[in-house]
Every structure is written in C-alpha cells, then in structure tokens.
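A quick note: this is a predicted structure, and the numbers were derived from the prediction, not measured. Values below: every heavy atom of this structure, side chains too, minus hydrogens, waters and symmetry copies.
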Amino acid sequence: MADHQTVKDLQARLNRLTFAIHGDDSAGTGLPLSTQNHGSHPAGQIKDLQRQLQSLASRSGAVNEVLQLQAKYPEVLSPPTSNVTLPPAALAALVVSHARLYENLSAQLNTLQTLSIPDAAPLTALSALQPRISKASDRQQQQAREFAELRARSAAVVEQWYVGGVLGMGEKWAEWEERLRDVELTVRRMEGAAKRERGLV
C-alpha cells in the first residue's frame, strides 16, 4: 500500500512539473500521465514514470541538465546524511550534563501551569471608562489653552498699565515739575521787578 502511495506521489509531482514547463499534463504520448500506468505492479509503474521523465527531459533542456547534474553529482540533490553516532555512555553523559536544565525547564512549566489568569473585570471597567477619560483629557487640554490665553491677556494688560500708568505718570510729573520751575522763575522775576520799581519811587 505504501509503494502504491509513493508511486502516486511521484506521478503527481511529475504532472505538476510537466504542467509548469509545458502548460499541459502530457509527456509526449498524447495521453494524460495519470492514465499511462496500465500495470498495477509498482515496478512497472516506476518504469513508466522513468520513461515519461526521459520524454520530458528530451523536450526540456532545463530538465535534461538537472538529470545530468543529478547523475554526475548525486550528493548535490540528495539530502545530507549524518554518520556521527555516539555510544550509549556518551549519550547518557550528555543527558546527565543537561539534567539541571531539564529540571529548571520543568519547574518553569509547572509554574506556568499554576499561574492564575488575572481577573478581566478591572480591565473591562477601565475600557468602559475610556470614553470618559478621553473626554476629561480633551477638557483638560481646552482649559490649558484657555489658561495660556488668559496669561497672555493678563501680561498685555499689566504691560499696558505699566507703560501708560507708571511710565506715563512719571513723564507727566517731570513735565509738571518743569512747568513749576518756569512759573517760579517768572514769579521771582516779577517780584524783583516790582521791588526795583518801589525803590525808584
């Protein structure tokens, strides 16, 4: 049964290869590949597959080159095999040397099994509060913008008061003092002139 399944798998792969190269399922005989295996014996079917593969290689240079490479360098297209084997004593020593690692891994797996799943109720409640949190955040940002605007307006008012009030009043006091000095000088000149007139009389 396994041999028949293997032959069927090889037949399916050959069909796919033929379709990929030529766009059809024929291998030069005019009949589909799946109907060319008349014999039920696996050996006869494999010979039929080999004949179809050779027919495909005669029509495709790429397939022919691959077959030649496989015949000349079989290790290239064959899976590597490892001939390295360890005696039972060495294998036992290897397992013993990693025993502590196995114990730690087993303890960690047991710890994971004993961990309880956190209650989803707090997370669910937090998710339900997310719209309110977003709204509060938007409100806070709006208030921050309003406070910044108020600070700017307050600074402008203070600056206007300082320039128009303090500095302006200082300039007015200086002007008034200058006018008072002028008036005082005028009064003194007038008094002096009056004294001189009285003295002449």
Side-chain angles (χ1 to χ4, degrees), residues 12-13 16-17 19-24 60-63 65-66 69 73 75-82 84 86 90-201:
R13 292 180 182 179
R16 288 196 296 268
L17 180 61
F19 182 79
I21 295 175
H22 296 293
D24 55 19
S60 173
V63 175
E65 291 178 2
V66 171
L69 287 174
Y73 306 102
E75 69 277 1
V76 175
L77 299 178
S78 300
T81 58
S82 177
V84 179
L86 294 176
L91 291 175
L94 182 63
V95 172
V96 171
S97 64
H98 292 80
R100 189 59 180 270
L101 178 61
Y102 299 149
E103 293 176 358
N104 293 336
L105 182 59
S106 177
Q108 293 175 1
L109 292 176
N110 291 331
T111 302
L112 290 177
Q113 291 179 356
T114 56
L115 288 178
S116 60
I117 300 177
D119 188 10
L123 183 59
T124 303
L126 183 61
S127 300
L129 291 176
Q130 185 60 41
R132 297 177 59 184
I133 295 174
S134 300
K135 186 179 296 185
S137 177
D138 295 340
R139 188 183 304 112
Q140 184 179 5
Q141 293 178 3
Q142 179 65 24
Q143 291 176 352
R145 288 192 293 268
E146 293 177 357
F147 290 158
E149 183 180 357
L150 289 175
R151 283 194 295 269
R153 293 172 61 182
S154 299
V157 171
V158 171
E159 182 180 4
Q160 183 179 2
W161 170 81
Y162 180 76
V163 173
V166 178
L167 296 181
M169 186 60 67
E171 293 176 357
K172 289 181 180 180
W173 277 110
E175 181 182 357
W176 290 344
E177 288 179 356
E178 185 178 358
R179 293 175 63 182
L180 286 174
R181 284 196 299 269
D182 293 341
V183 171
E184 185 177 358
L185 290 175
T186 301
V187 170
R188 288 180 180 180
R189 283 195 295 268
M190 292 176 64
E191 289 178 349
K195 289 180 181 179
R196 287 193 295 272
E197 288 180 358
R198 285 195 298 272
L200 293 176
V201 175

L101 side, atom CG; S106 side, atom OG - distance, nearest 0.5 Å: 11.0 Å
Once rounded to the nearest 0.5 Å, what's the spacing between atom CD of E103 and atom CZ of R100? 6.5 Å
Only distances under 3.5 Å count here; give the side-chain donor-acceptor pairs of residues 139-146 to other protein atoms, sequence neighbours excluded, each with its distance to 0.1 Å.
residue	atom	partner	partner atom	Å
Q142	OE1	R145	NH2	2.6
Q142	NE2	E146	OE2	3.4

Quick one: are L126 and Q130 in side-chain contact, heavy atoms under 4.5 Å? no
Note, R153 side chain near E149 side chain (heavy atom, < 4.5 Å): yes
Residues E171, E175; criterion side chain to side chain contact (heavy atoms under 4.5 Å, CB included); working and verdict: CA-CA 6 Å; E171 293 176 357; E175 181 182 357; over 6 Å; no
Is there a donor-acceptor contact under 3.5 Å from the side chain of S137 to the main chain of I133? no
Verify the neighbour count for atom CH2 of W173: are there more than 12 heavy atoms of other residues, nucleotides or ligands below 6.0 Å? no
